Amino acid sequence: MDEYYQGEVPGVSDAGIEVSGLAKAYGKVVALESVSFTVAAGTVCGLLGPNGSGKTTTVSILSTALRPDEGSARVCGFDVVADAAAVRSVVGLAGQFAAVDANLSGRENLALIGRLSRLGRRSARERAGELLEGFGLTEAADRLVRTYSGGMRRRLDVAAALAHRPPVLFMDEPTAGLDPESRFALWEILRQLVAGGTTVLLTTQYLEEADALADQVVIIDAGRVVEVGTPTALKARVGAVVFSLGFTDDDAAAQAAGVLAGAGHRPERDGTALRVRAAGGSAALVGVLRALEGSAPEPTSVGVREPSLDDVFLALTGKAPVTPAGRDERKRGAA
Amino acid sequence: MSTIPITAGRQSRLAMAVADTVSVAGRNLANLWRTPQALIFATIQPVMFVLLFRYAFGGAIHVPGVAYVDYLMPGIFAQSVAFGGIGTAVGLSADMASGIFTRFRTLPMSRVAVLTGRTAADLVRNLVVVAVMTGVGYAVGFRAHTGAAGLLGALGLVAVFAYAASWGFVALGLAVSDPEAAQGAGVPVVFVLVFSSAAFVPLSTMPGWLQAFGAHQPVTALVDAERALIAGGPAAGHVLACLAWSAGMLVVFAGLATRAYRRISR
Ligand SMILES: Nc1ncnc2c1ncn2[C@@H]1O[C@H](COP(=O)(O)OP(=O)(O)OP(=O)(O)O)[C@@H](O)[C@H]1O
Ligand SMILES: [Mg+2]
């Protein structure tokens, strides 16, 4: 179980993350207004939010890459500004864009990060071998990273974050751009790390991912925390599934919405489409279709899907996530 | 709290800075080595200048008391390290754009090593480029009349000067944080300094206002000192002037660069 984290497991009260009133602006652009939350040691916290909501900024501050304008944060009991050096020795960061060197091999990348993380030449090399194996990169270990696929780079990047076996791990959208298999493999690695005592803060745009991994979810929007809770509690509020029904025209959709509302459902109409959030199960779908049968136009399409982040926002705030114009213009091309 | 493994602090700060400088420099050199285009362009350009000035323009330039090729080569050494410096600025701003610096900032490593590792790697690159240019110079008839000692002294001076200057390019790369902007900003500065200096033609052939500028800028100080060392004659004054320029650039540029680097995380 202890494959990736082999340092001493810190005391429970020490390895957590405490964030209080963080604020950060880039010139005139306010990235964080005020963000507060805590993550208990040895747990996984999912930081969810739409583009530009401040996820990367939060993670950058917590991993000491950026200084906050206001507020404070402690990682493993160390202040991220005053004790930045101590924080650096206990955290690993896998950033949103794979920060690996294209002109080094996978092994050289990991050995470099290991050495810079104070492992010493020999242990850095050994650790590199271990990590390459753990992340299924042994075959490609001695190839230059510029020949790697995007998914391989991402895995290497996550591996690099684990070089010095940090008890606290920050991952900024670690599975963006990964195929399902690599995604599940990464989830498995994260679970192992957590079983070994590592505290993980991961950002994601996928409710499903937070649901699969996180003990606690913090949702931020426009630099503010809008909700904190367990994934189960969130789902209970949002509904476990979303049915989407398509109709031929607006009138038909509106008519069907009326019928469904009369039958005790809560349909949301968007043009010719309706969506109905439900607790789950086929019974609910049958119920929806029964209610429509005979009393409203036939839907032309019926879909069932997991609630997305949009659905969560809609349920929590009654509006789509705030993404002020130009917010994501700065995004670099995904590596 | 005692259970948390703090690894930083086991080494002294200096030992850590040195070790990390070596690591970062190794990484930068690997980058240079594995993108040979960059190295080739860094040498092809000065080689073309050698050919151009030796054979195309050289016949029209008369420098009293010295064969033009012997006058030219010290200028070429200065020019090749100055142009190479643009690569420093470009490489550094590319690192910043790539997110690698963000990772470096979260590692328990020496902060200054990110910059000293870059300038150390550039020192190695400059030594290689200057060695190649010396070979090219010999092939087209250049000779050091003071022998190996004079030549090595001159080349050492070029390396010292280039090291100091590369801190200026580091500061530039950090300030613009975009590889294209770094290129755009670096090229004109280098052009003006190199071509207003005594690198290719004697200052006495320039109009008065340009002479005044050319006589009081670092590239001229370097080529004057090189020529004195290579051709013989009183060199101490020139060498001192060149070292003074280098020391001044080092202090000012290293200060600017570390300040710019600290500002990134604000
Ligand atoms: N270096 C910067 N300079 C100026 N503005 C910035 C900078 N970095 C981020 N921002 C702005 O700060 C806000 C928050 O950005 P941040 O990257 O933290 O969001 P995010 O939640 O990570 O978004 P995404 O999901 O797109 O990665 C955005 O409005 C963004 O445009
Ligand atoms: Mg982000």
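Reminder, nothing fancy here: chain letters follow the sequence lines and each chain counts from 1. Just so it is clear, the structure is predicted and the values come from calculations on it, not from any experiment.
With a 4.5 Å cut-off on non-hydrogen atoms, A:Leu144 touches chain B through its side chain but not through its backbone. Contact annotation for A:Ala161: both backbone and side-chain heavy atoms come within less than 4.5 Å of a heavy atom of chain B. Both the backbone and the side chain of A:Ala160 come within contact range of chain B, with heavy atoms under 4.5 Å apart. Within the 4.5 angstrom heavy-atom criterion, only side-chain atoms of B:Phe104, from C-beta onward, approach chain A.
Counting non-hydrogen atoms of neighbouring residues, nucleotides and ligands closer than 6.0 angstrom, the CZ atom of A:Arg121 reaches no more than 12 such neighbours. Applying the 6.0 Å contact sphere to CZ of A:Arg146 captures more than 12 heavy atoms from other residues, nucleotides or ligands. Counting heavy atoms of neighbouring residues, nucleotides and ligands inside a 6.0 Å radius, atom CD of A:Glu126 exceeds 12 of them.
Summarising the geometry of A:Ser63 relative to B:Thr106, their closest heavy-atom pair is O-CG2, 3.1 Å, with the distance given to 0.1 Å. For A:Leu112 against B:Arg27, the heavy-atom pair with the smallest separation is CD2-CG, 3.7 Å. For A:Arg115 against B:Ser23, the heavy-atom pair with the smallest separation is NE-OG, 3.1 Å. When all heavy atoms of A:Val100 and B:Ile100 are compared, the closest pair comes out as O-CD1, 3.8 Å.
A distance of 8.0 Å separates CG in B:Asn28 from CG in A:Asp101, rounded to the nearest 0.5 Å. A distance of 12.5 Å separates CG of A:Asn103 from CG of B:Leu29, quoted to the nearest 0.5 Å.
Using a 4.5 Å heavy-atom threshold, the side chains of B:Arg34 and A:Leu104 count as touching.
Looking at residues two or more places apart in sequence or on another chain, you find a salt bridge (Lys or Arg N to Asp or Glu O under 4.0 Å) between B:Arg103 and A:Asp157.
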Practice item. Test B:Asp20 against A:Arg118 for side chain to side chain contact (heavy atoms under 4.5 Å, CB included), laying out the working first. Key: CA-CA 9 Å; B:Asp20 290 350; A:Arg118 318 252 69 76; 2.9 Å; yes
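Taking chain B as the reference chain and counting heavy-atom pairs below 4.5 Å, the highest number among A:Ile61, A:Asn109, A:Val91, A:Ile113 is found for A:Ile113.
Side-chain atoms of A:Arg88 never come within 3.5 Å of backbone atoms of B:Pro108 as a donor-acceptor pair (strictly under, hydrogens ignored).
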